[in-house]
J.: 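A single structure is presented below for examination.
Everything numeric here is computed off the predicted structure, so don't read it as measured data. Count residues from 1 along the sequence.
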Amino acid sequence: MKKKLNFIQINGFTGILLVVFILCCAATGFIVFPSWCCMHIWNFVANFVNFPQMTIIHGGILWAIFALTLFALSQNKAPIKIGSVKDLNDGDVKKVLNDIKEKNMNAFTKEIEEKDNVKVNKEN
């Protein structure tokens, strides 16, 4: 089975300059310009509301806050979920509690074995 191999070939000093130019343009377009816009928008509002003025570094931090917030909110899965659970009967609750006890016991015995280099017999 033949697989197609994709690669990027950079020839000489002009190729390296072209790559540096492309990286600088990408950094300017995605980092510096939005930072500059955030700084100017903040400073425009600050003239009316008695806020301190920003520099380009502060604009970059504000842009990072916006970008990371949008990234976090646009994800489908959230690290914290709030919701309700179906009604559980007593058997399901006991099963969950027994699983938790077993996991805690396994962790506890492993910790003892590591500290004392002793094998612990599991007896109920």
Side-chain angles (χ1 to χ4, degrees):
M1 180 176 174
K2 288 187 176 182
K3 292 185 178 181
K4 187 175 179 181
L5 180 63
N6 296 324
F7 61 92
I8 298 173
Q9 184 175 358
I10 300 172
N11 290 328
F13 186 68
T14 56
I16 293 173
L17 284 179
L18 182 62
V19 168
V20 169
F21 176 74
I22 291 170
L23 291 175
C24 287
C25 288
T28 302
F30 290 109
I31 299 170
V32 177
F33 180 71
S35 301
W36 182 81
C37 289
C38 286
M39 177 190 71
H40 281 285
I41 291 170
W42 178 276
N43 289 339
F44 178 76
V45 173
N47 287 332
F48 299 109
V49 187
N50 196 19
F51 282 163
Q53 298 289 314
M54 278 191 170
T55 63
I56 192 71
I57 299 297
H58 301 113
I61 294 170
L62 185 61
W63 169 244
I65 291 168
F66 286 149
L68 292 173
T69 302
L70 287 174
F71 176 75
L73 293 177
S74 68
Q75 298 295 320
N76 290 336
K77 50 187 174 179
I80 299 173
K81 294 183 181 180
I82 300 172
S84 61
V85 183
K86 297 178 190 174
D87 292 335
L88 297 176
N89 58 21
D90 290 337
D92 292 336
V93 173
K94 287 180 182 178
K95 181 180 176 187
V96 170
L97 290 175
N98 286 335
D99 289 343
I100 292 171
K101 285 179 185 177
E102 185 177 322
K103 287 179 184 178
N104 287 340
M105 190 60 167
N106 289 340
F108 180 68
T109 55
K110 185 184 278 188
E111 185 178 330
I112 290 173
E113 289 173 355
E114 289 174 358
K115 284 184 180 179
D116 299 333
N117 290 329
V118 176
K119 286 285 186 186
V120 177
N121 292 330
K122 294 180 183 177
E123 294 179 9
N124 292 333

J.: Side chain of Asn43, backbone of Met54: donor and acceptor closer than 3.5 Å?
T.: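 A pair under 3.5 Å: yes.
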J.: Count the heavy atoms of every other residue, nucleotide or ligand shown that sit under 6.0 Å from CD1 of Ile57, and state whether that count exceeds 12.
T.: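 Not buried by this count: 12 neighbours or fewer within 6.0 Å.
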J.: Can a donor-acceptor pair be found, under 3.5 Å and without considering hydrogens, that links the side chain of Trp42 to the backbone of Thr55?
T.: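 Absent.
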J.: How long is the span from the CG atom in Asn106 to the CD atom in Glu102, to the nearest 0.5 Å?
T.: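 Going from CG on Asn106 over to CD on Glu102, the span is 5.5 Å.
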J.: With sequence neighbours left out, write down each residue that passes side-chain hydrogen bond (donor to acceptor under 3.5 Å, both in side chains) with Asp99, or none if nothing qualifies.
T.: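 Scan of Asp99 (side-chain hydrogen bond (donor to acceptor under 3.5 Å, both in side chains), adjacent residues dropped) gives none.
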J.: State plainly whether one hydrophobic cluster holds both Leu18 and Phe13, where clusters connect Ile, Leu, Val, Met, Phe, Trp and Tyr through side-chain heavy atoms under 4.5 angstrom apart.
T.: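 Different clusters: Leu18 never reaches Phe13 through Ile, Leu, Val, Met, Phe, Trp or Tyr contacts under 4.5 Å.
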J.: Please tell me whether Leu23 and Ile16 are part of a single hydrophobic cluster in this structure, the criterion being side-chain heavy atoms less than 4.5 Å apart.
T.: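 Same cluster.
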J.: Describe, in one word, how the ring planes of Trp36 and Phe33 are oriented to each other, choosing from parallel (under 30°), tilted (30 to 60°) and perpendicular (over 60°).
T.: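 Rings of Trp36 and Phe33: parallel, as their planes differ by under 30°.
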J.: Let me check something: do Ile56 and Ile31 share a hydrophobic cluster, defined by ILVMFWY side-chain heavy atoms less than 4.5 Å apart, either directly or through other members?
T.: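 Different clusters.
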J.: Considering non-hydrogen atoms only, spot the tightest contact between Ala46 and Pro52 and give its length.
T.: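 Taking every non-hydrogen atom into account, CB-O, 3.9 Å.
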J.: For a quick test of reading the model, state the closest non-hydrogen atom pair linking Thr69 to Ile65 and the distance between them.
T.: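 Heavy atoms only, the tightest pair is OG1-O, 2.7 Å.
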J.: Would a single hydrophobic cluster contain both Phe51 and Phe48, if residues Ile, Leu, Val, Met, Phe, Trp and Tyr are joined by side-chain heavy-atom contacts under 4.5 Å?
T.: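 Looking at the clustering, Phe51 is in the same group as Phe48.
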J.: Using 0.5 Å steps for rounding, measure from the NE2 atom of His58 to the CD1 atom of Ile61.
T.: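 Going from the NE2 atom of His58 to the CD1 atom of Ile61 covers 6.0 Å.
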J.: Trp63 side chain to Phe30 main-chain N or O, any donor-acceptor pair under 3.5 Å?
T.: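 Yes.
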J.: Identify the two heavy atoms, one from Cys38 and one from Gly59, that lie closest to each other, and give their separation to 0.1 Å.
T.: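 Minimum heavy-atom contact is CB-O, 3.8 Å.
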J.: Grouping I, L, V, M, F, W and Y whenever their side-chain heavy atoms are under 4.5 Å apart, do Phe44 and Ile41 come out in a common cluster?
T.: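 They do not share one cluster, since no chain of ILVMFWY contacts under 4.5 Å joins Phe44 to Ile41.
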J.: Restricting to non-hydrogen atoms, name the atom on Gly60 and the atom on Ser35 that form the minimum distance, rounded to 0.1 Å.
T.: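 Closest approach of Gly60 to Ser35, heavy atoms only: CA-OG, 3.1 Å.
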